[in-house]
Number of protein chains: 2
Amino acid sequence: MPSTLGYALLGLLAREPRTGYELAQALRIPVGYFWSASHSQIYPELARLEADSLVHGRVVPGPGPRDTKRYTISAAGRRALAAWVVMPAELEEARSEELLKTYSLWLADPAAAREMVSGLRDSHREMLSRYERIAAEMEHDGPLDPVTPRFFDYATLRRGLSFERHAIAWCDWLLGALG
Amino acid sequence: MPSTLGYALLGLLAREPRTGYELAQALRIPVGYFWSASHSQIYPELARLEADSLVHGRVVPGPGPRDTKRYTISAAGRRALAAWVVMPAELEEARSEELLKTYSLWLADPAAAREMVSGLRDSHREMLSRYERIAAEMEHDGPLDPVTPRFFDYATLRRGLSFERHAIAWCDWLLGALG
DNA sequence: ATATACATGTAACAAGTTACATGATTTA
DNA sequence: TAAATCATGTAACTTGTTACATGTATAT
């Protein structure tokens, strides 16, 4: 059974074949895709997926100077992924450093506390506008049919939009309360 | 420099002295407090905090059969925590298995996909009503002054409430789109 | 000349989870 | 008498991050 990272890789490969390098690029910043990983984690995981015959790798001459291995998902990989995505998801564990800091904000200097929350709001605003740009592009690119991968890109993106908006509203409320 | 868990423990001890056992209880389910940890992580971390003189432990006879060590935050610990909470927080890394599953939902059986999202909605509804009960209690318990620890309990709780409400709205939207 | 992109891997470390270990007291 | 609560610790394992290692081609 693959790890969560394994399923993340299968999810990308189910859409189109990619090399390890391209997967690492895709997982560098998790846009519309709430998972990230570094290449040092990806290469060993790809080897495991191949050992389990969930993906097949074929060496091809890349655009770069070194040979690259392009991975394709197998029928078994597709079945494993399809089975995993409909399994009831664990309750989110809700780990947030930002909230952990807020929890102890009562003992900080009030001005510094306000500044901290204000900085938080800025970060969320930045993320929001990044998401909004992508959403506008996707909506412009044509109709979103809920049986296509593109629709599910959009669905996860909408969750990101919603998350950032509520985070900003919360910062506003907190700043108001802090005076 | 303490780890994030270290600051979580300092945050609890800044409110009142506690034993390792009580800290483990508090960090079992992260309500109003977006961090969790198991006792096997907590005891070694407490030892590190004590070695750094950020907390002091005193052995006292507990209600149980075994002696227990009650930890108190030191002035240095309080300073370290106060400095940490106002430092700009890292951008949330947004790791979500639930969204990762959604990303690949296009290749699942449509009925099973709807059921998965519906189950997700149920989990979020359950969390929401748990949070709502706690919020009602807190509001009932008296005025929330934004210089007290209690206010910041309430502030983090509000973030949880907002998070769950948006998650439910998103599930509703997705179920509507999936037909 | 220097930096960036391409391309894949290993090693060392940090953080977190699960299982192992012990054992008294209280509650059902 | 069986389970839960109290109480603290270690060991093994999994996951994830950062650093180390190598080396060409292209763009600035």
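Order of the sequence lines sets the chain letters (A, B, ...), proteins ahead of strands, with each chain counted from 1. Bear in mind the structure is a predicted one, so any value in this text is a computation, not a measurement.
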> When we call it a touch if two heavy atoms are under 4.0 Å apart, what does B:T4 touch: a base, just sugar-phosphate, or nothing?
Replying inline: nothing
> With no hydrogens and no angle check, is any side-chain donor or acceptor of A:T102 less than 3.5 Å from a backbone partner on A:E98?
Replying inline: yes
> If you check every side-chain atom of A:L5, which of D:dA11, D:dG16, C:dG16 has the closest atom?
Replying inline: D:dG16
>> Determine whether a donor-acceptor pair (one donor, one acceptor, N or O, separation below 3.5 Å) exists between the side chain of B:S40 and the base of C:dT18.
In response: yes
>> Could you work out how much the helix from C:dA1-D:dT28 to C:dA28-D:dT1 bends, comparing the axis of its first five pairs with that of its last five, to 10°?
In response: 40°
> Out of D:dT8, D:dG16, C:dG16, which has the shortest distance to the side chain of B:Y21?
Replying inline: D:dT8
> Would a distance-only check, ignoring hydrogens and angles, find a side-chain to backbone donor-acceptor pair under 3.5 Å from B:E45 to B:L5?
Replying inline: no
>> Tell me the interatomic distance from A:D67, atom CG, to C:dT8, atom P, rounded to whole angstroms.
In response: 9 Å
> Can the positive tip of A:R158 be found less than 6.0 Å from the middle of the six-membered ring of B:W170, inside 45° of the ring normal?
Replying inline: no
> Is it true that A:D109 and A:R114 make a salt bridge, defined as a side-chain N closer than 4.0 Å to a carboxylate O?
Replying inline: no
>> When you measure from the side chain of A:S74 to the backbone of A:S53, do you find a donor-acceptor pair of N or O atoms at a distance under 3.5 Å?
In response: yes
> Heavy atoms under 4.0 Å, any strand shown: does B:T68 hit a base, just sugar-phosphate, or nothing?
Replying inline: sugar-phosphate
>> So, OP1 or OP2 of D:dT8: does either fall under 4.0 Å of a side-chain N or O from B:Y43?
In response: yes
> Roughly how far apart are B:E164 CD and A:H166 NE2, rounded to 0.5 Å?
Replying inline: 9.0 Å
